[in-house]
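Heads up, the thing below is written out as structure tokens.
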Amino acid sequence: MASRKLISSGSPFEAQIGYSRAVVADEWVFVSGCTGYDYKAGTISDDVVEQAEQTMKNVAAALTEAGAGVQDIVRVRYILPDRTDFPKTWPVLQKWLGNVRPAATMIQSGLMEEIMKIEIEVTARKTVAPSSSGAGSAGDPPAGV
């Protein structure tokens, strides 16, 4: 039987809707769609680039709590209400995922609130690191970036 661990970010949406920020099943980590909310400050920028950066920080934080890192991402889905915003986010996504190069899909769809301009969902597979040097903190892109 697979082990299962639920990860929460503290977002009110998780309790209201009934989901987890991430679910760890053995070596697999499934991170729910994250948006650009800064949960500590309770704010979200109106800028899609700033939202993309905060969204990746939220993804990284969920992965860290799950015992994984950005370098373990194998699949990513980008969801944007306006597909013409996607190219604006590429420098941020390149910074975070350029060395990881996961399988990816971009979907145009409405999001839960009008202010939300990007949502990112990832699947990761935890790897056993050969050393304890780590890949940085939850708010950092993977090493070598």
Side-chain angles (χ1 to χ4, degrees), residues 1-11 13-14 16-40 44-145:
M1 178 174 235
S3 67
R4 182 176 159 110
K5 177 182 177 185
L6 306 179
I7 308 289
S8 174
S9 70
S11 164
F13 296 128
E14 294 169 27
Q16 291 170 353
I17 299 169
Y19 73 97
S20 296
R21 171 62 48 216
V23 176
V24 182
D26 293 330
E27 74 272 13
W28 291 97
V29 181
F30 304 91
V31 179
S32 296
C34 295
T35 62
Y37 272 100
D38 179 335
Y39 296 111
K40 291 178 185 165
I44 187 169
S45 170
D46 191 43
D47 179 71
V48 70
V49 175
E50 291 176 11
Q51 283 192 30
E53 180 68 31
Q54 183 61 50
T55 299
M56 287 306 302
K57 289 178 182 178
N58 294 342
V59 167
L63 288 169
T64 297
E65 190 170 343
V70 172
Q71 73 279 359
D72 296 317
I73 296 173
V74 296
R75 179 81 168 114
V76 61
R77 288 181 187 88
Y78 306 105
I79 306 154
L80 293 91
D82 182 354
R83 70 176 182 254
T84 64
D85 277 343
F86 192 45
K88 298 172 193 172
T89 68
W90 291 353
V92 171
L93 303 176
Q94 172 64 28
K95 178 179 82 169
W96 283 89
L97 298 171
N99 291 336
V100 180
R101 299 188 55 157
T105 300
M106 192 289 265
I107 301 164
Q108 180 174 323
S109 176
L111 298 177
M112 192 173 199
E113 295 180 354
E114 289 294 319
I115 189 73
M116 296 174 176
K117 297 187 177 188
I118 187 167
E119 184 170 326
I120 300 174
E121 172 189 330
V122 305
T123 301
R125 186 168 186 216
K126 294 192 279 186
T127 56
V128 178
S131 70
S132 61
S133 63
S137 68
D140 295 331
V145 175

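Since the structure is predicted, the reported quantities are computational estimates derived from the model, not experimental observations.
- Applying the ring-ring contact (aromatic ring centres under 6.0 Å, His included) test to residues at least two apart or on different chains, none of the pairs has a partner in residues 104-125.
- Not counting sequence neighbours, Asp47 has no partner by the side-chain hydrogen bond (donor to acceptor under 3.5 Å, both in side chains) test.
- Scanning for side-chain contact (heavy atoms from CB on, under 4.5 Å) contacts around Ala52 gives Thr89, Val92, Ile118, with sequence neighbours left out.
- Shown here are the side-chain hydrogen bond (donor to acceptor under 3.5 Å, both in side chains) partners of Gln16, two or more places apart in sequence or in another chain: there are none.
- A search for side-chain hydrogen bond (donor to acceptor under 3.5 Å, both in side chains) contacts involving Gln51 returns nothing, not counting sequence neighbours.
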Quiz item: What's the verdict on side-chain contact (heavy atoms from CB on, under 4.5 Å) for Cys34 and Glu121, showing C-alpha distance, side-chain angles and the deciding distance?
Solution: CA-CA 6 Å; Cys34 295; Glu121 172 189 330; over 6 Å; no
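- The side-chain hydrogen bond (donor to acceptor under 3.5 Å, both in side chains) search around Ser109 returns none, not counting sequence neighbours.
- Taking every heavy atom of both residues into account, Asn58 and Gly36 meet most closely at ND2-C, 4.4 Å.
- For the salt bridge (Lys or Arg N to Asp or Glu O under 4.0 Å) test, residues two or more places apart in sequence or in another chain that qualify with Glu27 are Arg125.
- In summary, the side chains of Glu119 and Thr35 do not present any donor paired with an acceptor at a separation below 3.5 Å, with no hydrogens or angles considered.
- Nearest heavy-atom pair across Ala62 and Ile7 is O-CG2, 4.3 Å.
- Screening residues 49-81 for ring-ring contact (aromatic ring centres under 6.0 Å, His included) gives Tyr78-Phe86 as the qualifying pairs, with residues at least two apart or on separate chains.
- Remark: Arg75 pairs with Arg77, Ala103, Thr105, Thr123 by the side-chain contact (heavy atoms from CB on, under 4.5 Å) rule, at least two apart or across chains.
- Counting only residues at least two apart or on different chains, the salt bridge (charged side-chain N to carboxylate O under 4.0 Å, His left out) pairs with a member in residues 96-118 are Asp46-Lys117.
- With sequence neighbours left out, the side-chain contact (heavy atoms from CB on, under 4.5 Å) criterion links Ser32 to Tyr19, Arg21.
- Here Leu6 pairs with Arg4, Ser20, Val23 under the side-chain contact (heavy atoms from CB on, under 4.5 Å) rule; sequence neighbours left out.
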